[in-house]
K.L.:
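Right, I'll just put the structure down here and ask away after.
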Amino acid sequence: MCLNPFLFIGETVALSCEVEGGSADWRFKQYRDGLEEAGCSDQYRSRYGDSCTISKAQYDHSGVYWCESASGQERSNTVTLAVSYQWVILQTPPQPVIEGDVLTLRCRVRGYTATRVVFYKDNKVLQSRADTELSVDRVSESDEGSYKCRAWWSSSTYSGDSAEVRVSVRELSKAVLTSSPQWGELYTGETVTLSCGVEGGFTGFQYLWYKSSQGGTVQIRGTTGARYTLSPVTQSHSGQYQCEAQRGDPPRSSQRSDPVTLTVSEGRPKPALTREPTGEIFEGDTVTLSCVVEGGSGGWSYLWYKDRQGAPVYQTDSSSGTGAGYTISAAALSHSGEYWCGAGRGRNTSYSQYSHPIWVNVTALFSRVTLTASPGATVKEGEALNLTCETAVNKTPRPELHYTIVRDGEPVTNSTDSALYSIASTEKSHTGSYTCAVESQGVKKSSQELHIELQTSWHSAVAIGYRVSFTLIHFIVFTLLLLQYCRIQGSLCLAGGKSRKTSDQDQEQSAEGIELSSRVQHTGVELE
């Protein structure tokens, strides 16, 4: 971007973004009033190709402008644009000015042509002339200072002074060379771009490129841009690269940049895959696989495979691949298998070979859980009952186990000390379906259900028989008494539908009974 940065309200100015290969993905930005914003986005500004045109400059178009890549990682030098309400302005080149360049100052009057102009440096007259421009050939540090101008217009009736503008002069600095991406070691088929610039953000240069190898240093012909792209690279591109900036007539050159070394290896790299821990792995353990491309060059993203090459591993709560590491935070038997890793990098992704495989075998932390009852699953009421939860631990040293025994879905014991549940005297509430669970290191296994039944003892049978017999005897006695009472009371115990004849018969029988009783009594007296 290159322009004289001072202009009047309503004037037109164009900003150009010069990018080797085109700037289709680049954007203009503006920094004004402490905020960064789009630099070509309102009704007065329009973008066409590599330029942004401000058709009617307004005061709020003042600010610092630059262009940058879509990612924001690459940006141009900056240009300060000042839109002025004053009658007279002094236009200068973008700052700083490089030693040896031509310094051109231009004094302008808004809406008029100046008839006479006086230029000042540090408040001292430099030149008084009708011409509105002042040029200083091959500027040096002594030309650095504050400049302004005074102009007359409209038949020298009116005059006005511009604001002071500081002009900075710098020596031509050393060129700076960078590579993108900064991988150091490259492999055939990849792409790398070398970029050359000048310290201080100067523009308007042509660039010379050099390559050094065992045959010496040679200038690379056919390219004078700020970027030099190698795609695809081959082993012949290995070597040291330098650049220098050059401009002016006669041309003036910067110092050459520090060298950048490119090393291109044939073929594709093979990553090295390692595992931690290296010993036996049990359920619940943490396992980490590490993948590194040999040679130490960077920029790689890593891919992980299981059981066969090309089959990606599953990303779950207990396993995830991040960068060069794949971590299984709580190993399960399903994590057993063969693992590989691969790597890729670059805009046009270049993939490595598959690593050598590593086998991960996960051993059960403990065996099947069993629940046993002593003396058995059927016990007599009042007897003692012991339930024992058992498992065999495979890991040494033995991890702490947590035991839980459950009856009909409700825990009855919860302990890390004992796998035994004892009942001193069983009763009906102790019947039900029992299971036990063992847990350690996040691994939990449960036994099959064991149904406990209660058998009634002979003491209880006798007691029940006694209660039944006692109830039956009381019933029989009550029935006999009721019958005897009915015989004595006669019709009171009979239903209302009985005939009077029956009643009379009963009365006769009763009388006979009384007579018989008297006889018996009389006889008894005689016997005595």
K.L.:
Is it the case that the side chain of Ser76 and the backbone of Cys67 share a donor-acceptor pair, with hydrogens and angles ignored and the cut-off at 3.5 Å?
P.N.:
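Checking the backbone N and O of Cys67 against the side chain of Ser76, a donor-acceptor pair under 3.5 Å is found.
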
K.L.:
Does the gap between the ring centers of Tyr354 and Tyr305 come in under 6.0 Å?
P.N.:
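Between Tyr305 and Tyr354, which both carry aromatic rings, the centre distance is below 6.0 Å.
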
K.L.:
Tell me whether the NZ or CZ atom of Arg268 lies within the 45° cone about the ring axis of Tyr351 and under 6.0 Å from its centre.
P.N.:
no

K.L.:
Do any N or O atoms from the side chain of Gln58 and from the backbone of Lys56 form a donor-acceptor pair under 3.5 angstrom?
P.N.:
yes

K.L.:
Any donor-acceptor pair under 3.5 Å linking the side chain of Ser257 with the backbone of Gln242?
P.N.:
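A pair under 3.5 Å: no.
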
K.L.:
Quick one: do Lys395 and Glu280 make a salt bridge, cutoff under 4.0 Å?
P.N.:
no

K.L.:
Any idea how Trp209 and Tyr228 line up, ring-wise: parallel (<30°), tilted (30 to 60°), or perpendicular (>60°)?
P.N.:
tilted

K.L.:
With sequence neighbours excluded, give me every ring pair (Phe, Tyr, Trp, His ring centres under 6.0 Å) pair touching residues 121-142.
P.N.:
none

K.L.:
Search all heavy atoms of Thr188 against all heavy atoms of Gly267 and return the closest pair with its distance.
P.N.:
OG1-N, 3.2 Å

K.L.:
Less than 4.0 Å between a side-chain N and a carboxylate O, is that true for Arg170 and Glu99?
P.N.:
no

K.L.:
Can you tell me if Lys121 uses its side chain to pair, donor with acceptor, with the backbone of Ser146 under 3.5 Å?
P.N.:
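Not at all, since once roles are kept as given, no pair shorter than 3.5 Å links the two residues.
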
K.L.:
Can you check disulfide (SG to SG under 2.5 Å) on Cys52 and Cys17, steps first, answer last?
P.N.:
CA-CA 8 Å; Cys52 175; Cys17 185; over 6 Å; no

K.L.:
For Gly344, does its backbone N or O pair with a side-chain atom of Ser301 as donor and acceptor, under 3.5 Å?
P.N.:
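Side chain of Ser301 to backbone of Gly344: a pair is present.
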
K.L.:
For Arg27 and Ala70, which heavy atoms make the closest approach, and how far apart are they?
P.N.:
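Scanning both residues completely, I find the closest heavy atoms to be NH2-O, 3.3 Å.
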
K.L.:
Is a salt bridge present between Glu190 and Arg345, judged by a nitrogen-to-oxygen distance below 4.0 Å?
P.N.:
yes

K.L.:
Applying ring pair (Phe, Tyr, Trp, His ring centres under 6.0 Å) as the test, list every pair that has at least one member in residues 235-271; sequence neighbours left out.
P.N.:
none

